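Just so we're clear, the structure is a prediction, and the values are computed from it rather than from any experiment. A note on names: the letters A, B, ... follow the listed sequences, proteins ahead of strands, and every chain is numbered from 1.
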Number of protein chains: 2
Amino acid sequence: MPRGKCCGQRWWQGKLQGCGYRVTAGREAILDILSKSAGHLSAEDIYLKIHARDANVGLTTIYRTLDVLSDVGMVSKLDFGDGRARYELAEGPQGARHHHHLVCTACNKVIDYTDFIEEEVELLKQTEKGLEKKYDFHITGHVIQFYGLCRACSEGK
Amino acid sequence: MPRGKCCGQRWWQGKLQGCGYRVTAGREAILDILSKSAGHLSAEDIYLKIHARDANVGLTTIYRTLDVLSDVGMVSKLDFGDGRARYELAEGPQGARHHHHLVCTACNKVIDYTDFIEEEVELLKQTEKGLEKKYDFHITGHVIQFYGLCRACSEGK
DNA sequence: TTGTTAATGAAAGCCATTTTCATTAAGGAG
DNA sequence: CTCCTTAATGAAAATGGCTTTCATTAACAA
């Protein structure tokens, strides 16, 4: 077994077990699919990919697993306003780097951008600090997202 | 009939008719409720308020009217991630002033804040410009929102 | 006043997600 | 390695916000 793969498994197995969750084939499969896809998969996307690749993991389990993985902090749940949740590997040593999303409201294409991120993050950090103090809130997250029409959708109209 | 009220009515009646929509009792009632409530009402909230105040407007009509009012730009549709849309009077001469939202993920309380707004708006504007150019997008909107636990929910745990 | 057509409401439908419940299997104890 | 406790799973049913359908009503222009 290749060293890299082994270490990767160790990593998420430890994280799951450390949080009191069991390591199962379904969880492994879902995590594997997320790590090999370019983000933004819906539960059904994952369901289809899992069934295409090999075998049986019910939709229910996919939803439950995604909850677990969110809980553990390995996966981020995204909302692009189209009525279904999307999931991507959370940023971190194993995941992608920090980015925000630009969503086409016509074709639902999503662009991850990292430009301007530094300024955004800096402003968000300051604002969070200010809001926490002023409103006595413990801030745990934020959403910053842009919506619009991509080139194709803009012209096709 | 008081002058203020008359002018207020004129205003939205004109706006509706100018966009080819008819003026109906239901639309008047919904708009009135929105203007007298402190923001963030769900369709069902409005439904209950309408039935408490006087009479019959079906939930279907409320959804349809809110769509119309969004279309005309009189109402903003909000998404706080709890699975139901919220609506508030759009900012403008008749509506509230520009603000963003701070959401408690435990009790769903929402705080409108205007602090830090100038900087946020400025950054958003610049980022939009950059993204439009780089990704050839026509940006039509954005979401910036903070999530966390309010004082009460933080302690009650 | 009348005619056209948008607006309405009740009921049915839609669909992502959740719940229920009986079955299976992870992983610690022995 | 085997047992045992309990989490994990899947199928099916349920949930719930929202939308569609369709027959009826009412805006408002002529």
Side-chain angles (χ1 to χ4, degrees), chain A residues 9-10 12-33 40-51 54-72 74-87 108, chain B residues 9-10 12-33 40-51 54-72 74-75 77-87 105 108:
Chain A
Q9 283 187 2
R10 279 253 180 68
W12 62 261
Q13 289 182 359
K15 188 127 190 175
L16 276 179
Q17 294 183 317
C19 294
Y21 293 110
R22 293 181 181 173
V23 173
T24 69
R27 288 171 182 173
E28 174 170 21
I30 291 171
L31 220 30
D32 191 56
I33 282 174
H40 318 145
L41 279 66
S42 67
E44 198 188 346
D45 289 338
I46 295 170
Y47 178 82
L48 293 177
K49 277 179 187 287
I50 277 194
H51 283 245
D54 50 68
N56 251 354
V57 177
L59 236 196
T60 312
T61 294
I62 292 178
Y63 278 109
R64 280 188 287 223
T65 297
L66 289 169
D67 275 352
V68 167
L69 296 176
S70 290
D71 180 46
V72 174
M74 300 175 74
V75 160
S76 303
K77 185 175 185 177
L78 309 173
D79 176 5
F80 296 146
D82 66 341
R84 62 181 60 198
R86 312 276 169 163
Y87 302 84
N108 289 320
Chain B
Q9 284 187 2
R10 280 249 179 73
W12 62 261
Q13 290 182 358
K15 189 128 191 177
L16 275 179
Q17 294 183 317
C19 293
Y21 292 110
R22 294 180 179 172
V23 173
T24 68
R27 288 171 183 174
E28 175 171 21
I30 291 171
L31 221 28
D32 190 56
I33 282 173
H40 318 142
L41 278 66
S42 67
E44 198 188 347
D45 290 338
I46 296 172
Y47 180 82
L48 293 177
K49 277 180 187 285
I50 277 194
H51 282 245
D54 50 65
N56 251 353
V57 177
L59 236 197
T60 313
T61 294
I62 291 178
Y63 278 109
R64 279 188 289 223
T65 296
L66 289 168
D67 276 352
V68 166
L69 297 176
S70 290
D71 180 48
V72 173
M74 300 174 74
V75 160
K77 186 175 183 176
L78 310 172
D79 177 5
F80 297 145
D82 65 343
R84 62 181 59 195
R86 310 279 169 161
Y87 302 85
T105 51
N108 289 319

Shortest non-hydrogen contact between A:Trp12 and A:Val23, atoms and distance: CZ3-CG1, 3.9 Å
Over how many whole Å does the gap from B:Leu48 atom CG to D:dG17 atom P extend? 11 Å
If the cut-off is 4.0 Å, is B:Arg84 near the phosphate of D:dC18, judged by side-chain N/O to OP1 or OP2? no
Could you go through the side-chain contact (heavy atoms from CB on, under 4.5 Å) check for B:Val75 and B:Ile30 one step at a time? CA-CA 11 Å; B:Val75 160; B:Ile30 291 171; over 6 Å; no
In whole Å, I'd like the distance from the CG atom of A:Leu66 to the P atom of C:dA16. 15 Å
Separation of A:Ile46 atom CD1 from C:dT17 atom P, in whole Å? 11 Å
Within this structure, what is the CG-to-P distance between A:Asp82 and C:dA16, rounded to whole angstrom? 10 Å
Begin from the C-alpha positions of A:Ile50 and A:Asn56 and carry the test side-chain contact (heavy atoms from CB on, under 4.5 Å) through to its verdict. CA-CA 7 Å; A:Ile50 277 194; A:Asn56 251 354; over 6 Å; no
Nucleic acid footprint by protein, nucleotides 19-30 of chain D - heavy-atom cut-off 4.0 Å, B for base, S for sugar-phosphate alone: BBB----BBS--
For residues A:Ile62 and A:Ala43, report the shortest heavy-atom separation together with the two atoms involved. CG2-O, 3.9 Å
Here the side-chain hydrogen bond (donor to acceptor under 3.5 Å, both in side chains) pairs for residues 60-71 of chain B, sequence neighbours left out, are B:Tyr21-B:Asp71
Without decimals, in angstroms, what is the distance between B:Ile62 CD1 and D:dG16 P? 19 Å
Please state how far atom OH in B:Tyr47 lies from atom C1' in D:dG16, giving the value in whole angstrom units. 15 Å
Quickly work out the A:Ile30 CD1 to D:dT9 C1' distance and round it to whole Å. 11 Å
A:Asp45 CG - C:dA16 P separation (whole Å): 11 Å
Audit row: A:Asp45, A:Arg86, side-chain contact (heavy atoms from CB on, under 4.5 Å) steps and yes/no: CA-CA 9 Å; A:Asp45 289 338; A:Arg86 312 276 169 163; 3.9 Å; yes
